[in-house]
Amino acid sequence: MPFTLPDLPYAFDALEPYVDKMTMEIHHDKHHGAYVSNLNKALEGTEWVSKSLEEILAGVSKLPAVVKNNGGGHWNHSAFWNWMKPKGGGVPAGELANAINHDFGTFDKFKEQFTSAGMTRFGSGWAWLIFQHGKLVVASTPNQDNPLMDVADVKGVPLLGLDVWEHAYYLKYQNRRADYIAAFWNVINWDEVAKRFAVAK
Ligand code: MN
């Protein structure tokens, strides 16, 4: 089995009250767990079994949809857990803050665009901050697609992503996706975003 479910980097209830414990338990153990086991099953006995997940995503057009869905699911969620932390939020600093101000005007304008990307994604998907051709861009993708896939409409290096599938918020927020997105800003791990930006730029 090439891929394993990573532990959450904090306790299930650590993001309360913004993301509730039961959502985190089901989201991590059941949803992410299923992406990992279905991905392993789909790759079993193929030449792709020895490749990295990034290589698989970059060549996903050559693979069955089950690999795209579950491979994307595994990559997206592994990153997502680290894009949040207890006592997160606030605003970014340093080079990342400079780049956000340069490419969006202000942090609030970036926040507005990212929120809108999450709100206007119809059905299930993700909102993204990506590094693309030397600049920061906000995007969104359907399902478990991501900007690392060769089939993505918008390609780049994901610096921050927000899961807007109903399974990410429905237990606590029901249909109120806007409230969930507003709460996310209180748990963002900007150190993780800055780390990814430093590698990408
Ligand atoms: Mn999810």
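Counting starts at 1 for both ligands and their atoms, following the listed order.
- Close placement of the F110 and F114 rings is indicated, their centers lying within 6.0 Å of each other.
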Distance-only check: which donor-acceptor pairs under 3.5 Å involve side-chain atoms of residues 122-139, not counting sequence neighbours?
residue: W126; atom: NE1; partner: Q144; partner atom: OE1; Å: 2.8
residue: W128; atom: NE1; partner: T141; partner atom: OG1; Å: 2.8
residue: Q132; atom: NE2; partner: K155; partner atom: O; Å: 3.0

For residues 159-169, tabulate all N or O donor-acceptor pairs below 3.5 Å that involve a side-chain atom, not counting sequence neighbours.
residue: D163; atom: OD1; partner: W165; partner atom: N; Å: 2.9
residue: D163; atom: OD2; partner: H27; partner atom: NE2; Å: 2.9
residue: D163; atom: OD2; partner: H77; partner atom: NE2; Å: 3.1
residue: D163; atom: OD2; partner: H167; partner atom: NE2; Å: 3.4
residue: W165; atom: NE1; partner: N143; partner atom: O; Å: 3.0
residue: H167; atom: ND1; partner: H31; partner atom: ND1; Å: 3.3
residue: H167; atom: NE2; partner: H27; partner atom: NE2; Å: 3.0
residue: Y169; atom: OH; partner: R177; partner atom: NE; Å: 3.2

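- Excluding waters, the set of protein N/O/S atoms under 2.8 Å from the Mn ion (ligand 1) reads H27 NE2, H77 NE2, D163 OD2, H167 NE2.
- Through chains of ILVMFWY side-chain contacts below 4.5 Å, I26 is grouped with M22, L171.
- A 4.5 Å side-chain heavy-atom check between W75 and P158 finds at least one atom pair inside the cut-off.
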Mind running side chain to side chain contact (heavy atoms under 4.5 Å, CB included) on V151 and K68 for me, showing each step along the way? CA-CA 9 Å; V151 295; K68 182 176 81 154; 3.9 Å; yes

